[in-house]
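First up is the structure itself, then whatever we jot down about it.
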Amino acid sequence: MLSIIFFEDRNFKGHSYEWTSDCSDMAPFLARCHSCRVESGCWMVYDRPNFMGNQYFVRRGEYADYMSMWGMSEWVKSCRLIPMHRGPYRTRIYGRENFMGQMMEIMDDCDSVTERYHWSSGFMSCHVLDGHWLLYEMPHYKGRMWYFQPGEYRNFREMVGTGSMRFMSMRRILDCWY
């Protein structure tokens with residue numbers, strides 16, 4: 001059984017609640033959330049309800065004080081289970097919004113789009129064909145990250161709520177089920 005347990009206080013203290021699937025709003029179950037233990041699986045946790053706000057990737061392990069660790073100003077308010085994927089990983093990235101501009105097909109991790117493909121900047125839209133991916137706003141898997149599952153993503157700016165949003169690196173989500 002895939003599960004994640006959230007605790008109201010740091011160091012796994014206080015009231016707790018366990019989830020085995022997505023939760024769009026933790027407020028009815030926990031007054032706050034300062035630590036968590038991932039029993040199994042991979043999860044994205046969000047600092048806003050309905051899978052919005054800053055995203056953080058967690059896998060099996062203990063996170064005794066993730067607010068300090070990630071520099072969060074708010075506690076986790078929703079979580080999403082990342083489904084298991086067996087098979088190929090493929091994503092098409094585009095230099096501009098709406099699948100315009102230069103296109104590259106990616107099948108493995110890419111620590112810098114600008115270095116690997118000699119693009120002057122990152123990419124602004126993508127079509128995830130297979131697998132689950134983490135995309136980062138800066139090269140070498142730095143900066144804020146976003147989770148992408150299979151689907152079309154025409155305009156990152158609308159999705160993340162900022163000006164001209166580009167991603168500079170990406171990695172596959174692998175080996176999350178023990």
Side-chain angles (χ1 to χ4, degrees), residues 4 19 21-27 38 41-59 66-67 69-177:
I4 186 169
W19 276 271
S21 63
D22 297 354
C23 176
S24 63
D25 187 4
M26 294 179 171
V38 178
C42 288
W43 300 78
M44 290 305 292
V45 298
Y46 302 82
D47 65 1
R48 299 277 180 259
N50 299 313
F51 318 114
M52 302 295 286
N54 292 312
Q55 303 180 24
Y56 302 92
F57 174 74
V58 293
R59 62 176 59 210
Y66 58 75
M67 290 182 69
M69 184 172 73
W70 298 327
M72 292 176 69
S73 60
E74 294 285 333
W75 51 80
V76 170
K77 297 193 177 141
S78 58
C79 66
R80 171 172 280 156
L81 174 65
I82 299 172
M84 180 173 21
H85 175 76
R86 299 222 188 268
Y89 286 77
R90 289 185 327 138
T91 298
R92 290 187 182 138
I93 61 172
Y94 298 84
R96 296 188 4 222
E97 295 172 346
N98 296 311
F99 311 128
M100 303 288 284
Q102 187 175 2
M103 186 274 290
M104 298 301 296
E105 188 164 294
I106 310 273
M107 292 184 273
D108 60 356
D109 299 349
C110 179
D111 67 346
S112 176
V113 170
T114 57
E115 291 173 20
R116 183 186 284 183
Y117 300 111
H118 308 292
W119 286 14
S120 60
S121 60
F123 54 102
M124 296 179 73
S125 59
C126 74
H127 182 186
V128 176
L129 300 164
D130 295 300
H132 300 268
W133 298 78
L134 294 176
L135 277 59
Y136 298 81
E137 66 181 345
M138 298 172 60
H140 309 290
Y141 317 118
K142 304 245 190 263
R144 293 179 298 169
M145 74 174 76
W146 279 266
Y147 164 62
F148 287 79
Q149 58 193 0
E152 294 183 347
Y153 302 91
R154 295 181 170 278
N155 187 334
F156 296 148
R157 179 174 27 128
E158 288 176 4
M159 197 175 78
V160 300
T162 65
S164 180
M165 183 65 203
R166 294 178 177 271
F167 289 106
M168 306 289 275
S169 57
M170 58 195 297
R171 67 169 39 142
R172 299 162 296 160
I173 300 176
L174 303 167
D175 304 324
C176 287
W177 295 267

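Along the sequence shown, the residues carry numbers beginning at 1.
- The two residues Ile93 and Ile106 come nearest to each other via the heavy atoms CD1-CD1, 3.9 Å.
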Decide side-chain contact (heavy atoms from CB on, under 4.5 Å) for Met168 and Thr114; before the verdict, give the C-alpha distance in whole Å, the side-chain angles of both, and the deciding distance to 0.1 Å.
CA-CA 7 Å; Met168 306 289 275; Thr114 57; 3.6 Å; yes
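- No side-chain heavy atom of Gln149 sits less than 4.5 Å from a side-chain heavy atom of Val128.
- Minimum interatomic distance between Ser24 and Ser78 (heavy atoms only, all atoms of both residues): O-CB, 3.4 Å.
- No donor-acceptor pair closer than 3.5 Å links the side chain of Gln102 to the backbone N or O of Gly95.
- Scored by the salt bridge (charged side-chain N to carboxylate O under 4.0 Å, His left out) test, Asp25 finds no partners at all (sequence neighbours excluded).
- One distance of note links NE2 of His140 with SG of Cys110; it measures 9.5 Å at 0.5 Å rounding.
- Annotation: the span from Arg154 atom CZ to Arg96 atom CZ amounts to 13.5 Å, rounded to 0.5 Å.
- The aromatic rings of Phe156 and Phe167 lie perpendicular to each other, with more than 60° between the two planes, well past the 30° mark.
- When every heavy atom of Arg80 is checked against every heavy atom of Phe51, the shortest pair comes out as NH2-CD1, 2.9 Å.
- In this structure, Phe148 CZ and Met44 CE are separated by 10.0 Å, a value rounded to the nearest 0.5 Å.
- The two residues Met170 and Trp133 have their closest heavy-atom pair at CE-CE3, 3.5 Å.
- Cation-pi geometry between Arg171 and Tyr141 is met: under 6.0 angstrom from the ring centre, within 45 degrees of the axis.
- Interatomic distance, Asn50 CG to Lys77 NZ, rounded to the nearest 0.5 Å: 12.0 Å.
- Note: Met103 CE to Tyr94 OH = 5.0 Å, rounded to the nearest 0.5 Å.
- Between the side chain of Asp130 and the backbone N or O of Pro88, no donor-acceptor pair lies under 3.5 Å.
- The side-chain heavy atoms of Gln55 and Leu134, taken from C-beta on, include no pair separated by under 4.5 Å.
- Contact check on Arg172 versus Asp108 returns no salt bridge, with no Lys/Arg side-chain nitrogen under 4.0 Å from an Asp/Glu carboxylate oxygen.
- A pairwise comparison of heavy atoms in Asn54 and Asp47 identifies N-OD1, 2.8 Å as the closest pair.
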Determine, stepwise, if the pair Glu105 / Leu129 fulfils side-chain contact (heavy atoms from CB on, under 4.5 Å).
CA-CA 10 Å; Glu105 188 164 294; Leu129 300 164; 4.1 Å; yes
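- Of the possible donor and acceptor atoms, none in the side chain of Arg48 sits under 3.5 Å from a partner among the backbone N and O of Gly53.
- Distance alone, capped at 3.5 Å, is enough to place a donor-acceptor pair between the Ser169 side chain and the Met138 backbone.
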With side-chain contact (heavy atoms from CB on, under 4.5 Å) as the test, would you mind laying out the steps for Leu135 and Thr91 before giving the verdict?
CA-CA 11 Å; Leu135 277 59; Thr91 298; over 6 Å; no
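- Relative orientation of the His85 and Tyr89 rings is perpendicular, given thresholds of 30° and 60° on the angle between their planes.
- The main-chain N or O of Phe99 is found under 3.5 Å from a side-chain atom of Ser125 such that the two form a donor-acceptor pair.
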Apply side-chain contact (heavy atoms from CB on, under 4.5 Å) to residues Tyr147 and Phe57 and explain how you reach the verdict.
CA-CA 8 Å; Tyr147 164 62; Phe57 174 74; over 6 Å; no
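- When each of Arg166, Arg144, Lys142 is paired with Glu137, the side chain to side chain donor-acceptor pair (under 3.5 Å) condition holds for Arg144 and for no other.
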